[in-house]
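See below for the structure under consideration.
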Amino acid sequence: MRMILAPSILAADFARLGEAVGQAASAGAEYIHIDVMDGMFVPSISFGMPAIKGIRPCTDKVFDVHMMVEEPGRYAEAMKEAGADLLCVHQEACRHLDRTLSQIRDLGMKAGVALNPSTPVSALDCILEKVDMVLIMTVNPGFGGQKLIPYTLEKVRQLRRRLDSLGLDKDIEVDGGVTLGNASQVLAAGANILVAGSAVFGGDITENAQAFLRKFEEFSR
Ligand code: DX5
Ligand code: ZN
């Protein structure tokens, strides 16, 4: 499976956000991970459509928008207009998840579903065929810079096994506490898209992103 690095701009310097996005993209990141927080589903508030629209001209890479928002379907159309390519909603935040996923796909975006650490993988059994990507949260959402919770990797393994047994070739993204030190372990569990916030933007962006890409190469050898 294709391995993709998705730097999370939550950890970037907001005073020079466009430049940071451009640097991550030039270094080889295929996705730009954009964390939208509403202050309800998670305690923090991050940014919304105007900020996303503002950085859209900086790159043509995939804008992977992670909606940590209650009833995110309310914003699907506006997110599409702002430049989202992939919209990922939380299973826990959607009363009518099936409908929200259809809405995202009808708008021409890829649809992702995210699971909090305590939500079992089986919660997605009925809708696996309808999603392009599952995001397994490896920390409790809301803040960057936390430590990966080890039991969440077992969920990644379970999900990859489940997808394989159904003959489904879907992306598994992991988000939270991913570092150069645990990247191989995360890939070995079955994830193929790695979100990294502080591990990319905390320091030299180009060097950090390229180090992740080298890990991907090592892993596929
Ligand atoms: C957490 C966010 C993450 C976060 C990751 O709620 O969804 O995307 O920015 O940051 P790090 O990689 O620093 O844990
Ligand atoms: Zn995220």
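We count ligands from 1, going down the list as the structure has it; atoms in each ligand are counted the same way. This structure is a prediction, so every number in the text was calculated from the model and none was measured.
Heavy atoms from other residues, nucleotides or ligands lying under 6.0 Å from CE of M1 number more than 12.
Side chains of T119 and E92: a donor-acceptor N/O pair is present below 3.5 angstrom, by distance only. Using modelled atom types and a 3.5 Å distance limit, the side chains of H33 and D35 yield a donor-acceptor pair. A donor and an acceptor atom, one from each side chain of Q23 and R16, are located under 3.5 Å apart.
For atom 1 (C) of ligand 1, the nearest non-hydrogen atom of the protein is F143 O, 3.5 Å. If you check which protein heavy atom lies closest to atom 13 (O) of ligand 1, you get S198 OG, 2.4 Å. When hydrogens are left out, the protein atom nearest atom 9 (O) of ligand 1 is S8 OG, 2.9 Å; that is the closest non-hydrogen contact.
Computed with the Zn ion (ligand 2) at the centre, the H33 NE2 to D35 OD1 angle is 90°, stated to 10 degrees. Rounded to the nearest 10 degrees, the angle OD2 (D175) to the Zn ion (ligand 2) to ND1 (H66) equals 90°.
Screening I104, L101, V36 for a side chain to side chain contact (heavy atoms under 4.5 Å, CB included) involving L87 leaves a single residue, I104.
The pair R56-D85 meets the salt-bridge criterion, with a side-chain N (NZ, NE, NH1 or NH2) lying under 4.0 Å from an Asp/Glu carboxylate O. Ion pairing of E154 with R161 is present here, as a side-chain N (NZ or NE/NH1/NH2) and a carboxylate O approach within less than 4.0 Å. The pair K170-E129 fails the salt-bridge criterion, with no side-chain N (NZ, NE, NH1 or NH2) lying under 4.0 Å from an Asp/Glu carboxylate O.
When the heavy atoms of G176, G197, G142, G144 are ranked by distance to atom 6 (O) of ligand 1, first place goes to G142.
Close contacts of ligand 1 with H66, meaning ligand atoms under 4.0 Å from a residue heavy atom, involve 7 (O). Interface atoms of ligand 1 facing M68, defined by a heavy-atom separation under 4.0 Å, are 6 (O), 7 (O). Taking every non-hydrogen atom of A196 and a distance limit under 4.0 Å, the qualifying atoms of ligand 1 come out as 12 (O). Numbered from 1 in the order shown, with element, the atoms of ligand 1 that lie under 4.0 Å from a heavy atom of D175 read 2 (C), 3 (C), 4 (C), 5 (C), 7 (O), 8 (O). Below 4.0 Å from some heavy atom of P141 lie the following atoms of ligand 1, by number and element: 6 (O). Close contacts of ligand 1 with L10, meaning ligand atoms under 4.0 Å from a residue heavy atom, involve 9 (O). The atoms of ligand 1 that sit less than 4.0 Å from any heavy atom of D35 are 2 (C), 3 (C), 4 (C), 7 (O), 8 (O), 9 (O). Taking every heavy atom of H33 and a limit of under 4.0 angstrom, the matching atoms of ligand 1 come to 8 (O).
Ligand 1 has no atom lying under 4.0 Å from any heavy atom of A11.
Considering backbone and side-chain atoms alike, G177 places an N or O below 3.5 Å from some N or O of ligand 1.
Using a 30° and 60° split on the angle between ring planes, F41 and H90 fall in the tilted class, from 30° to 60°.
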*asked:* For K110 and D64: C-alpha separation, side-chain torsions, deciding distance, then whether salt bridge (charged side-chain N to carboxylate O under 4.0 Å, His left out) applies.
replied: CA-CA 9 Å; K110 283 193 171 184; D64 160 27; over 6 Å; no
